[in-house]
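Take a look at the structure set out below.
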Amino acid sequence: LVAALGARGLAGGILAGGSFNQVEGGIWSGAFAAGPYLARSAGPVLASLSITIGAVRSVDSTSLAPATATAGLRYEPGRWRLETIVTGTTADTTRYLDFGLSTGIRTPALHVSASAGVRAGDLQNDPWWQLRADWTLAPWATLESAVGAYPSDLTGFTEGQFVTIGLRV
């Protein structure tokens, strides 16, 4: 949901997202969060701010109510972009701050990006990273691939690595 706020380059809306994960033995976790966001663009620069609250169920059946504040800055002068993001999260007694940096280049058929981040506070572990490539096969189909490492999260999953490939239609 997006609404122009009357000023050129200024927009706001509602940000919402969620996930569901299931592993062997009926163990599952899930997360949902929603809240307002504000974005301001000026030429190739986009600044954004969002605040969300939500619910998390961890793999050990613990429930949490996290609150997150995120500030981002993106510079996208043409085919390439550079973006930085800072996110603060609190849930019960868990508190952490994430710092991320990403870059990418886009052609009409291919988008390649790299991102990395570090965490301070609780759930702190090794830096995370991702390399991603999306290849548009047709206006209705994109081949997506990624490889990387992820940090621990509130759902109870510890840090790990991943490789993924998929077709988005």
Side-chain angles (χ1 to χ4, degrees), residues 1-23 28-52 54 56 68-89 96-119 125-155 157-169:
L1 178 63
V2 177
L5 299 178
R8 186 173 179 203
L10 186 62
I14 302 295
L15 177 67
S19 66
F20 175 80
N21 305 290
Q22 185 170 0
V23 295
W28 65 277
S29 69
F32 175 79
Y37 78 90
L38 185 63
R40 171 78 165 114
S41 66
V45 177
L46 175 70
S48 62
L49 178 64
S50 69
I51 299 172
T52 63
V56 170
T68 301
T70 302
L73 186 62
R74 175 184 284 193
Y75 178 64
E76 195 163 2
R79 293 178 16 173
W80 65 276
R81 70 169 171 74
L82 181 63
E83 184 173 7
T84 186
I85 192 165
V86 177
T87 301
T89 301
Y96 55 90
L97 191 61
D98 291 329
F99 302 92
L101 182 66
S102 65
T103 188
I105 189 162
R106 182 182 304 271
T107 69
L110 183 65
H111 178 226
V112 178
S113 63
S115 59
V118 294
R119 175 171 292 158
N125 47 21
D126 293 335
W128 67 88
W129 59 274
Q130 175 175 293
L131 301 174
R132 182 177 178 95
D134 296 341
W135 181 28
T136 303
L137 305 171
W140 50 268
T142 301
L143 182 64
E144 301 176 327
S145 62
V147 60
Y150 58 88
S152 299
D153 65 23
L154 293 173
T155 64
F157 286 95
T158 58
E159 63 183 318
Q161 296 82 37
F162 65 92
V163 174
T164 182
I165 189 165
L167 182 64
R168 182 174 30 140
V169 292

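- Closest non-hydrogen pair, Asp98 versus Trp128, comes out as OD1-CH2, 3.5 Å.
- Rounding to the nearest 0.5 Å gives a distance of 8.0 Å between OG1 of Thr136 and CG of Leu110.
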Report the C-alpha separation of Thr68 and Ile51 in whole Å, then their side-chain angles, then the decisive distance to 0.1 Å, and conclude whether the side-chain contact (heavy atoms from CB on, under 4.5 Å) test is met. CA-CA 6 Å; Thr68 301; Ile51 299 172; over 6 Å; no
Can I get a per-line list of side-chain donor-acceptor pairs under 3.5 Å for residues 71-80, giving both atom names and the distance, sequence neighbours left out?
residue, atom, partner, partner atom, Å
Arg74, NE, Glu83, OE1, 3.4
Arg74, NH1, Glu76, OE1, 3.3
Arg74, NH2, Glu83, OE1, 3.0

Would you be so kind as to tabulate the donor-acceptor pairs closer than 3.5 Å made by side chains of residues 158-169, with sequence neighbours excluded?
residue, atom, partner, partner atom, Å
Arg168, NE, Glu144, OE2, 2.7
Arg168, NH2, Glu144, OE2, 3.1

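- Every residue was checked against the ring-ring contact (aromatic ring centres under 6.0 Å, His included) condition with Phe32, not counting sequence neighbours, and none meets it.
- Residues Ser115 and Arg132 have side chains that never bring a donor and an acceptor to within less than 3.5 angstrom of each other.
- Ser102 has its side chain within reach of Arg81: a pair of non-hydrogen atoms, C-beta onward, lies under 4.5 Å apart.
- Residues Ala39 and Leu46 approach most closely at CB-CD1, 4.0 Å, considering heavy atoms.
- Using a 3.5 Å distance cut-off with no hydrogens or angles, the side chains of Thr142 and Asp134 do not pair a donor with an acceptor.
- Considering all non-hydrogen atoms of both residues, Leu131 and Ala114 come closest at CD2-CB, 3.7 Å.
- When all heavy atoms of Leu154 and Tyr96 are compared, the closest pair comes out as CG-OH, 3.9 Å.
- We find the OG1-CG distance between Thr70 and Leu15 to be 8.0 Å, quoted to the nearest 0.5 Å.
- In this structure, Trp135 CH2 and Thr107 OG1 are separated by 11.0 Å, a value rounded to the nearest 0.5 Å.
- We find the OG1-CZ distance between Thr84 and Phe99 to be 9.0 Å, quoted to the nearest 0.5 Å.
- Summarising the geometry, atom CZ belonging to Arg106 is positioned 9.0 Å from atom OG belonging to Ser113; distances are rounded to the nearest 0.5 Å.
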